[in-house]
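The next block holds one structure in the form of structure tokens; read it before the comments.
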Amino acid sequence: MATTSMNNPQKHAEQKMKTIVIFDLSFNFISTNGSLQTQFLEMKLAKFLREKNQSWALKIYEASQIDEHASEADIILLTPTFAYAKEEIEKKFPQIPVIAISKAEYGTMDLDHLWEKIKTVL
């Protein structure tokens, strides 16, 4: 799991690091850390956030672990294969913004568009 850090340690210490949790419905019996595509998204998003001087912890969990780990999130991202559950998750965790990643954002790794979506719920 990747964690981004800010370049200014003093400013970083003043702010609580927020957490983005990505839930993936990956059908993977070997790993509970999502599909390779989701792991790649996590790495790219961590790099993108570092370049924007944003301090976020990023975590990936399998969809079946949502009840265990959703409370860790400041924002929940759902991969396209799990986006169908957005309304149910919003009802279950009303205090946490939930963003469904579109197939286009996921397939092309359109982080600029995804970041704009994240900023709208901050």
Side-chain angles (χ1 to χ4, degrees):
M1 288 177 237
T3 302
T4 63
S5 60
M6 296 175 69
N7 293 336
N8 183 337
Q10 183 180 14
K11 192 171 184 181
H12 174 70
E14 295 170 6
Q15 295 179 348
K16 176 191 171 278
M17 184 175 288
K18 295 192 180 234
T19 303
I20 295 173
V21 178
I22 304 168
F23 287 99
D24 187 13
L25 188 61
S26 65
F27 307 105
N28 188 338
F29 299 109
I30 299 170
S31 171
T32 58
N33 290 330
S35 68
L36 287 176
Q37 177 78 6
T38 303
Q39 292 173 27
F40 186 61
L41 172 67
E42 176 196 31
M43 290 184 327
K44 297 272 292 182
L45 185 56
K47 182 180 180 209
F48 178 87
L49 292 171
R50 276 192 307 272
E51 290 169 355
K52 296 240 179 248
N53 291 322
Q54 297 293 317
S55 182
W56 288 85
L58 299 171
K59 299 178 181 181
I60 302 173
Y61 295 108
E62 175 63 34
S64 64
Q65 297 176 304
I66 195 151
D67 289 333
E68 294 172 57
H69 297 288
S71 62
E72 300 170 17
D74 291 293
I75 295 175
I76 294 172
L77 297 180
L78 305 176
T79 62
T81 56
F82 193 45
Y84 70 88
K86 183 178 188 284
E87 285 184 30
E88 181 182 335
I89 294 165
E90 287 173 328
K91 287 177 188 173
K92 198 175 230 184
F93 303 98
Q95 72 284 8
I96 304 170
V98 179
I99 297 171
I101 302 169
S102 72
K103 288 179 184 178
E105 291 163 339
Y106 190 71
T108 63
M109 298 285 160
D110 185 353
L111 300 177
D112 287 314
H113 192 255
L114 185 56
W115 176 239
E116 289 303 316
K117 285 174 136 177
I118 291 169
K119 288 192 314 187
T120 63
V121 297
L122 295 178

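Values reported hereafter were calculated over all heavy atoms of this structure, with side chains retained and with hydrogens, waters and symmetry mates removed.
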Checklist entry - Taking side chain as C-beta onward, heavy atoms only, is F93 less than 4.5 Å from V98? => result no

Item to check | Heavy-atom check, side chain of E62 versus side chain of H69, under 4.5 Å | outcome: no

Next on the checklist: Is the shortest side-chain heavy-atom distance between D67 and K92 below 4.5 Å?
Outcome noted: yes

Checklist entry - Which atom pair, heavy atoms only, marks the closest approach of A70 to I76? => result CB-CD1, 3.9 Å

Item to check | Pairwise side-chain contact, K59 with T19, heavy-atom cut-off 4.5 Å (strictly under) | outcome: yes

Next on the checklist: Let me confirm one number: the CG-CZ distance from L45 to F40, rounded to the nearest 0.5 Å.
Outcome noted: 12.0 Å

Checklist entry - Any chance NZ of K86 has more than 12 other-residue heavy atoms, nucleotides or ligands included, within less than 6.0 Å? => result yes

Next on the checklist: If the threshold is 4.0 Å, N to carboxylate O, is there a salt bridge linking E88 and K91?
Outcome noted: no

Item to check | Pair E72-Y61, side-chain donor/acceptor within less than 3.5 Å | outcome: yes

Checklist entry - Taking the side chain as C-beta and beyond, is there a heavy-atom pair between L25 and L78 under 4.5 Å? => result no

Next on the checklist: Just so I know, are the side chains of L114 and Y106 near enough to count as touching, which here means a heavy-atom distance under 4.5 Å?
Outcome noted: no

Item to check | Side-chain (E68) to main-chain (Q65) donor-acceptor, under 3.5 angstrom | outcome: no

Checklist entry - Taking everything shown except E87 itself, do over 12 heavy atoms lie less than 6.0 Å from its CD? => result no

